[in-house]
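Each remark here refers to the structure printed beneath this line.
On a predicted model such as this, the values are computed, not experimentally measured, just so you know. Chain letters run A, B, ... following the sequence lines, proteins first and then strands; every chain starts at 1. FYI, side chains are in, hydrogens and waters are out, and symmetry mates aren't considered; it's all heavy atoms of this structure.
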Amino acid sequence: MLYYEFRPEARAKCNMQSNFRRFGGIGLTFIDFLDVDHTETVTLSQAIQNSSEEVSASQDLENEANVLFGNIQGTVVGLRYYTGVVNRGEMVSLVREPQNPYDRNAVMVANVYGSQVGHIKKELAAAMAPIIDGKLAKIEGVVPYGETNKFSMPVILSFWGKEENKNSVLNMLSRHGYKLGPSSGGKAYLSGGQTPQGFLAPSKRLNAVPLTPEQLKGAFDKLFDDLMEDKTREMEPAEAVHTPLLPHQKQALHWMTTRENNNDLPPFWEQKSNLYFNVLTNFAVRERPERVRGGILADDMGLGKTLTTIALIVSNFHNGKPLPLEKSATSDGHSKALQSKRPHEDPATVEDVEQSAVPKKKAKTTKKDKASTSKGTVLMDDLGFAAALGGLTSDGGSKKKKAKKKSSAVASLPLESSSSARATLILCPLSVLSNWLDQFEQHVRVDVKLNVYLYYGAERCRDTDFLAGQEVVLSTYNILSSDFSSKASSPLHKVSWLRVVLDEGHVIRNPNALQSRAVLNLTTERRWILSGTPIQNSLKDLWMLLSFLKLKPFDVKEWWNRVIQRPVTQGDSEGLQNLQALVKGITLRRTKASKVAGKQVVELPDRKVFVEHVTLSEEEQREYDLAKMEGRNVIGRYVKEGTVLTNYADVLAILVRLRQLCCHPRLLGSYAGTGESSTPSELRERLVSKVRLVLGSGSDEECAICLDSLRQPVITYCAHVFCRPCICEVIRSEQEHAKCPLCRSQIKTRELVEYPGEEEDSFSADGKDKWQSSSKVNALMSSLLALRGEDGSIKSLVVSQFTRFLTLLEVPLREHGFTFTRLDGSMNQKSRAKAIEEFQDASPGSPSIMLLSLKAGGVGLNLTAASHVFLMDPAWNPAAEDQCVDRCHRLGQKRDVVITKFIVKDSVEENMVKIQKKKKDLVEKAFGAKSVQDKRQSRIDDIRALMEL
DNA sequence: ACCGCCGGGTGCC
DNA sequence: ACCGCCGGGTGCC
């Protein structure tokens, strides 16, 4: 028998159901069924896993474009051989079983939890198999009634697919004598929605009024609003938190603590007599569905998500009791967080940490002694050790578990009952790493010894016992994914964590990305996502978050798609209500405008935006006009030919050039032009230079496959850029016939060219004789000089997408005696932290200006020392500008914030601002019912508008 | 399965 | 009797 990865919880469920189904839950030992059941269940869950992965990889793009071909009633047979139960109106999934020894057409039927219910009877399976295998349609099932039948039950099958495949599907079915029934009013055969009787009242569904796109957008904007009810109770943090919490932070702490400790059922689960019932899928289980211990803290940036999280860590170890912490002598107090901080910077401190905390036997005993003597404070030292052991055993030894059936059933109980986990793992983008360290230092009392270990840098300690013994381990998504992908086993994946916190958690929204998979594979009791923008582009983003939170059954894509995503994107108001309820149950979101007891959550100083129009000098204008003429000719030709997207790299290059000319004529990078290139290395060089020009300019390009920001960008020979994982998936699924999703030319994995990152460019601005200013530089300088004249203590952010522009600006800044610092994407963690620290320092002589690249660091950065922001060039994405401004317009800002946008008159920049405005109104931005085609078209429209074509 | 199907027993009413 | 009818055995793919 095949033996795949063993999942204890799957078997526990299986046992429960076998008892339930066959013996009404009356105690018969589990053992009788184990040998039969669990091997099958394991292969089964594997099969389901495989099939859903395939769908998500190759078909997901089309998913939203799928239409309902129709419904058909079929029969599920062989019920008595399996343990999976279904309820009236319950959704089931259909899984092809091509290896079935009796019938190669076999189609297996499984319930929401993945337990097999039966098979589709063979005549129908014979008709379905080629349709499923040929990916001509996706078939979904609902059991309308007859759920108590012993031998077979009816199932309503809905066929979904691309319009162009409809006829061949109908033909294939009719060849076997089947005919699709009417698709009741354009809707699938849906399960009731709220009751098992829902099926009996399908007319109710027909009356559901579909929402208009505008209503949908409105509903979406409101999705996270009004989440405040019942979330206004406050909780005081543990003593160890030094900073007093604001009322809304105490509310968040109470809410988070409650979410970690309480026993509420997850959303949409109800208890009915002795069963637990999911009202959306109509699935029921006898055992209590595992609650979601955690959720999404989606407060606006600046409301103190970091502080609240620190308070949670310290205040809710178990059941609302604070984390037991050793008090350290005040004289030694400074070592609190510092001792474990940045070990790669200071090897000496690493030694210190390891000696005191690594559980080498000797160190351990001394620590225990200390614990037993320290007054009242229990140091739960060995718990961490046990947790690490637990992690190890659950990892290996699956074969043994098979032999020791009964005991493993006990071991498969949820962690919480016997939890020994102590440590919280915090993952964040590199840019906010130092912020976390600062905040721990700032907010935790000096005389409390909280072990915060920074798992970062080449010298990081990989000892799992040591890691599990910390109170907090802080690391980045990059470190986690590189550990996860390396051959050696990943230490962070071996620890059983008390809690995992994903800071800026929306970064895991692309399920293809390595870091997403790495995060999903962590073992933890409680899970939190911190994100000011949980949904970036589309509803799909939310799925990954739910998947991380293990919100059953939505962690499985099929159920998410069927129950939430498709209904919502198709404008079903009930679907939207469900989504709303779902989000409400697990999210806390306040904006700066939210009110607590009638008072604004945060009283922030004013913020004003001024647009300063810049007029180019005659010479600059001449150069710009020339470039614009050329560009219009080229792009105009592409538009006429309909080849804008085929030549997208050229188009972007032209646009970048114009934007650069608006800033400074010397910004122009080397550009290899559009001519023919003969040798592969020349071609490669050209591709790289094109893409470098575009990506290096700071424009936030998206991958046309995941429609998300590029990760690990690669360039195809046809000069289109995608995330490596995304395009590789396309090539893998289409094999030799793989075509570029943008221009349909042939692509091959080995022809993908890696984007080498920012050029170490020889470009410098020091040669004074060569220096010349530009109109925009002049505009900035006169503003800065005037500001210095008014009030020398004012600090400013000077923001551009072009790092070269920042470099150019250094010259006049020096010339006029400004002290400045700089933060851009090319800097490592250490120099970033230094730049921020210097800038935030208020003492005289500290820098008054920070040169900031728009994309550097993304959100979370705290630059409250600045109260003026100069946006040197407009961004494609207005949200990026807002985020940038929010770095100083946030909690801690004392002055009114003044934002100055420099826009060159009659240029692409002005057109970009127009497009920005339009985009803000666009429904598309709100929710992703928009197809890839539409997105492509709107890109072309944008370009035409920019070039006034 | 209170079915359909198979195959053996049986054969006026 | 190369049928019909009866009733027991049986049952996914």
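For C:dC12, there is no paired base (Watson-Crick or G-U wobble, both distances below 3.5 Å).
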Inset, instruction - Summarise protein proximity over nucleotides 8-13 of chain C in one line of letters, 5' to 3': B for base, S for sugar-phosphate only, - for none, counting protein heavy atoms closer than 4.0 Å. - result: ---BBB

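Base orientation of B:dA1: anti, since the glycosidic angle falls outside 90° of 0.
Rounded to a whole angstrom, the distance from the C1' atom of C:dC13 to that of B:dC2 is 26 Å. Across C:dA1 and C:dC6, the matching C1' atoms stand 15 Å from one another, rounded to whole Å. Only the P atoms considered, C:dC5 is 22 Å distant from C:dG9, to the nearest whole Å.
A cation-pi geometry, defined here as NZ or CZ lying under 6.0 Å from the six-membered ring centre and within 45° of its normal, does not hold between A:R527 and A:W497. Both tests hold for A:K272 against A:F277: distance to the six-membered ring centre under 6.0 Å, angle to the ring axis within 45°.
When each of A:V583, A:D555, A:L582, A:V292 is tested with A:L546 by the rule side chain to side chain contact (heavy atoms under 4.5 Å, CB included), just one qualifies, namely A:L582.
Going from atom OH of A:Y276 over to atom CH2 of A:W269 covers 11.0 Å, rounded to the nearest 0.5 Å.
A:L173 pairs by the side chain to side chain contact (heavy atoms under 4.5 Å, CB included) definition with A:A127, A:I131, A:F159, A:V169, A:Y178, A:L180, not counting sequence neighbours.
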Inset, instruction - Determine, stepwise, if the pair A:V285 / A:L275 fulfils side chain to side chain contact (heavy atoms under 4.5 Å, CB included). - result: CA-CA 6 Å; A:V285 266; A:L275 286 181; over 6 Å; no

